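None of these values were measured; they are calculated from a predicted model. By convention here, the first residue in the shown sequence is residue 1. Read the numbers this way: they start at 1 and go in the same order the structure lists the ligands and their atoms.
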Amino acid sequence: MRIIVVDNYEEMSKRAALMITSQVTLKPDSVLGLATGDTPLGMYEELVKLYNKKEVDFKEVRTFNLDEYYGLDPENPQSYYSFMNKNLFDKVDISKNNINMPDGMVKDVNDFCLLYENKIKTLGGIDMQVLGIGGNGHIGFNEPNVNFEAQTHLVNLNEQTIEANSRFFKSIEDVPVKAISMGIKTIMNSKKIILLANGLNKAEAIAKAVNGKINPSIPASILQLHNDVTIIIDKEAASLL
Ligand code: GLP
């Protein structure tokens, strides 16, 4: 694991955007794995800035998102689909046909998950996967006590995650209790991984993920076994390392 500690959120976002830009410059039809949440917002802003300055384009880029709430209409403003459109896809020249997101309204979830996995494989696998981390060490929506062998699947969100994500909804009752998420195996099959974290509330999860025992109770700890992970964190998130 390469660990890059930067001064603040802005630096973290810029570093991550530069890594993605380099990836896309070297391979214009890169397959990117994308994340949602507050953490990567700044990175998307930087990417849009770089795109506007013509330093990168997304014409041939293919994307797969990590996760989506189950039961939420894509048009719902809280869906990850809406998040991605608003913060990246609507602002750059990516082709809509090259965007892949788990479908939160799908009837046959198992079938959908298999198709999602197959499509990732058919396109040659994920070249660069961006991850945030939950305060409980989750990646994607792979909650503690995860099955490290799982691929894309339907997950039950745990209380801590529902509470953390309730800030985006009118009330905690509105937060979906299930999601479709890439599994740990899907994530581990990515060629390169960048994990971003900022703030004191991520310090414990980062310390456990980086220095703790590899353990299903901290899903991100499995990343210790991946051979190309870059962790970009601010000083606060690094404070327990
Ligand atoms: C969410 C997402 C994760 C994200 C994490 C942290 O539940 N499913 O992909 O990394 O929580 O979110 P945030 O960046 O808002 O702290």
Side-chain angles (χ1 to χ4, degrees), residues 8-10 12-13 15-17 32-46 63-72 74 76-84 86-88 100-104 113 116 126 128-146 150 152-169 172 174-184 186-188 190 193-206 208-210 218-223 229-234 236-238:
N8 52 42
Y9 180 78
E10 197 188 340
M12 178 198 80
S13 306
R15 286 283 192 123
L32 301 179
L34 298 178
T36 51
D38 282 337
T39 310
L41 263 182
M43 177 194 80
Y44 291 131
E45 264 173 43
E46 286 299 326
T63 63
F64 285 88
N65 262 77
L66 268 176
D67 47 18
E68 177 61 285
Y69 291 113
Y70 187 62
L72 215 55
N76 185 306
Q78 301 315 331
S79 74
Y80 287 167
Y81 178 81
S82 299
F83 175 102
M84 289 308 302
K86 181 169 163 221
N87 296 302
L88 183 69
N100 299 281
M101 299 266 319
D103 178 352
C113 291
Y116 204 67
I126 293 171
M128 184 172 272
Q129 174 68 56
V130 179
L131 296 176
I133 185 168
N136 61 6
H138 77 214
I139 46 179
F141 265 134
N142 294 284
E143 298 282 30
N145 304 320
V146 70
T152 302
H153 64 307
L154 187 67
V155 296
N156 293 315
L157 304 183
N158 77 13
E159 265 174 51
Q160 192 181 337
T161 300
I162 293 175
E163 203 182 307
N165 290 2
S166 65
R167 69 191 193 277
F168 298 112
F169 292 82
I172 196 158
D174 291 336
V175 187
V177 294
K178 288 178 191 282
I180 297 178
S181 178
M182 282 185 195
I184 294 290
T186 326
I187 293 169
M188 290 296 282
S190 311
I193 296 176
I194 318 176
L195 184 142
L196 309 180
N198 66 289
L200 274 180
N201 61 332
K202 299 292 172 72
E204 197 180 329
I206 286 291
K208 286 181 176 164
V210 171
I218 301 292
S221 63
I222 191 74
L223 298 175
V229 178
T230 304
I231 298 188
I232 310 176
I233 47 181
D234 72 351
E236 292 183 336

**Message:** Show the atoms of ligand 1 that are less than 4.0 angstrom away from any heavy atom in F141.
**Reply:** 7 (O), 8 (N)
**Request:** Indicate whether any N or O donor in one side chain lies under 3.5 Å from an N or O acceptor in the other, for N165 and Y69.
**Result:** yes
**Prompt:** Mind checking whether G140 has a heavy atom under 4.0 Å from ligand 1?
**Reply:** yes
**Item:** atom 16 (O) of ligand 1 [closest protein heavy-atom partner, distance rounded to 0.1 Å]
**Value:** K202 NZ, 2.6 Å
**Message:** At less than 4.0 angstrom from any non-hydrogen atom of N165, what atoms of ligand 1 do you find?
**Reply:** 1 (C), 7 (O)
**Complete:** atom 11 (O) of ligand 1: closest protein heavy atom, distance to 0.1 Å, is H138 NE2, 3.2 Å
**Message:** I need the atoms of ligand 1 closer than 4.0 Å to a non-hydrogen atom of G37, numbered in the order shown.
**Reply:** 14 (O), 15 (O)
**Residue portion contacting ligand 1 (non-hydrogen atoms closer than 4.0 Å) for M182** = neither
**Closest approach of N142 to P219 (non-hydrogen atoms, all atoms of both residues)** = O-CG, 3.1 Å
**Item:** Pair T161-E143, side-chain donor/acceptor within less than 3.5 Å
**Value:** yes
**Asked** What do the steps show when you test V130 against L32 for side chain to side chain contact (heavy atoms under 4.5 Å, CB included), and what is the final call?
**Response** CA-CA 8 Å; V130 179; L32 301 179; over 6 Å; no
**Item:** Gap separating the CD atom of Q129 from the CG atom of L223, nearest 0.5 angstrom
**Value:** 10.0 Å
**Complete:** Which of S181, P102, P176 passes side chain to side chain contact (heavy atoms under 4.5 Å, CB included) with E68? Answer is P102
**Prompt:** If you measure from CG on L41 to CE on M43, what distance do you get to the nearest 0.5 Å?
**Reply:** 9.0 Å
**Fill in**
the protein heavy atom lying closest to atom 4 (C) of ligand 1 turns out to be T36 O, 4.0 Å
**Message:** Using a 4.0 Å cutoff against the non-hydrogen atoms of G132, which atoms of ligand 1 qualify?
**Reply:** 10 (O)
**Request:** Closest by any non-hydrogen atom to atom 6 (C) of ligand 1: pick that one out of I139, I133, T39.
**Result:** I133
**Request:** Using a 4.0 Å heavy-atom threshold (strictly under), name the region of Y80 that reaches ligand 1: side chain, backbone, both or neither.
**Result:** side chain
**Message:** Is there a side-chain contact between M84 and T63 in this structure, where contact means two heavy atoms from C-beta onward sitting under 4.5 Å apart?
**Reply:** no
**Message:** At under 4.0 Å between heavy atoms, is it the side chain or the backbone of D67 that contacts ligand 1, or both, or neither?
**Reply:** side chain
